[in-house]
**Q** 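Could you have a look at this structure, given as structure tokens, before my questions?
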Amino acid sequence: MSDSLLDLYREVILDHNRDPRNFGELDDADRVVEGVNPLCGDRMTLYVKKDKDGKIEDVCFTGSGCAISVASASLMTERIKGLTNDEALELFELVHDVLTGEQEPDPVRLDKLAALAGVRQYPSRIKCASLGWHALKTALTTTDAKISTE
Ligand code: FES
């Protein structure tokens, strides 16, 4: 992995952990999903509200996970507002493949999310980075209220 991608990783994780975007509850959410990382017991709750056309109108999260889980969820919420279900799920698959090393990060498609590829240097933290994303997939594809990254 290039030094510049690792620098971006550190910079973005620090920024989004220090100042998480869209952090808080959403009173009028259509879907509320709690995610848990069984490796550490950390929990995160994701709130999703759709507009009349089925696009993600608003999304927020709460929780007290590690810096990587908070930063990754923060980046996710920043990116998925305005997306359709299919677009958000496509992004989930792309991020999933990048986190697990199945795909190299494409800076054009991923933009700031490319920084998440840095987590591959720390395999035990991949579940941290994917916690919010798995909650998103659950919110968009099921009626479940809980997920585990196990
Ligand atoms: Fe618990 Fe990262 S250590 S989510």
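The chain is numbered in sequence order, starting from 1. Because the structure is a prediction, the values reported are computed rather than measured.
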**Q** Where the side chain of Arg31 meets the backbone of Ala139, is there a donor-acceptor pair that is under 3.5 Å apart?
**A** yes

**Q** Look up atom CG in Leu89 and atom CG in Leu94, then write down how far apart they are to the nearest 0.5 Å.
**A** 12.5 Å

**Q** Not counting sequence neighbours, list each pair that qualifies as a side chain to side chain donor-acceptor pair (under 3.5 Å) and has a residue in residues 132-143.
**A** Ser72-Trp133

**Q** Return a table of donor-acceptor pairs under 3.5 angstrom between the side chains of residues 7-17 and protein atoms on other chains or two or more places apart.
**A**
residue, atom, partner, partner atom, Å
Asp15, OD2, Arg21, NH2, 2.9
His16, ND1, Ser74, OG, 2.7

**Q** Could you give me the CA-CA distance, side-chain angles and deciding distance for Leu46 and Met76, then say whether side chain to side chain contact (heavy atoms under 4.5 Å, CB included) is met?
**A** CA-CA 11 Å; Leu46 186 73; Met76 179 185 81; 3.7 Å; yes

**Q** Quick check against the 3.5 Å criterion: does Asn37 have a side-chain atom that pairs as donor or acceptor with the backbone of Leu39?
**A** yes

**Q** Evaluate side chain to side chain contact (heavy atoms under 4.5 Å, CB included) for Asn85 paired with Lys50, printing each intermediate quantity in order.
**A** CA-CA 9 Å; Asn85 236 49; Lys50 300 270 193 75; 2.8 Å; yes

**Q** Please report the shortest heavy-atom distance between Thr149 and Pro38, naming the atom on each side.
**A** OG1-CD, 3.3 Å

**Q** Kindly compute the distance separating CD1 (Ile56) from OG1 (Thr84), expressed to the nearest 0.5 Å.
**A** 8.0 Å

**Q** Taking a hydrophobic cluster as the set of Ile, Leu, Val, Met, Phe, Trp and Tyr residues connected by side-chain heavy atoms closer than 4.5 Å, whether directly or through intermediates, do Val48 and Leu131 fall within one such cluster?
**A** yes

**Q** Does the separation of the ring centres of Phe61 and Phe23 fall below 6.0 angstrom?
**A** yes

**Q** Going from CG on Leu140 to CD1 on Ile80, what distance comes out if it is rounded to the nearest 0.5 angstrom?
**A** 7.0 Å

**Q** Roughly how far, to the nearest 0.5 Å, is the NZ atom of Lys127 from the SG atom of Cys66?
**A** 13.0 Å

**Q** Do you know the tightest heavy-atom contact between Gly132 and Met44?
**A** CA-SD, 3.7 Å

**Q** Could you pull out every donor-acceptor pair under 3.5 Å between side chains of residues 102-117 and any protein atom, sequence neighbours left out?
**A**
residue, atom, partner, partner atom, Å
Glu102, OE2, Thr100, OG1, 2.9
Gln103, NE2, Asp97, OD2, 3.4
Glu104, OE1, Arg120, NH2, 3.4
Glu104, OE2, Arg120, NH2, 3.1
Asp106, OD1, Val108, N, 2.9
Asp106, OD1, Arg109, N, 3.4
Lys112, NZ, Glu78, OE1, 3.1

**Q** So, for Ile147 and Ala135, which heavy atoms are closest and what is the spacing to 0.1 Å?
**A** CD1-N, 3.8 Å

**Q** Do Leu83 and Val98 share a hydrophobic cluster (ILVMFWY, side-chain heavy atoms under 4.5 Å, transitive)?
**A** yes

**Q** Looking at Leu99 and Ala129, what are the two nearest heavy atoms and their distance?
**A** CD2-CB, 3.9 Å

**Q** Flag the pair Val32 / Thr45 as yes when at least one side-chain heavy-atom distance between them is below 4.5 Å, and no otherwise.
**A** yes

**Q** For the CG atom of Leu91 and the CZ atom of Arg79, what is their distance to the nearest 0.5 Å?
**A** 5.0 Å

**Q** Any donor and acceptor pair, going by atom type alone, linking the side chain of Arg43 with main-chain N or O of Thr62 inside 3.5 Å?
**A** no

**Q** Taking side chain to side chain contact (heavy atoms under 4.5 Å, CB included) as the definition, give me every residue that meets it alongside Asp28, ordered by chain and number, with sequence neighbours left out.
**A** Leu26, Lys49

**Q** Under the salt bridge (Lys or Arg N to Asp or Glu O under 4.0 Å) definition, can you give me all pairs with a residue in residues 56-65, not counting sequence neighbours?
**A** Asp58-Lys81

**Q** Could you tell me which residues satisfy side chain to side chain contact (heavy atoms under 4.5 Å, CB included) with Lys146, sequence neighbours excluded, listed by chain and number?
**A** Glu34

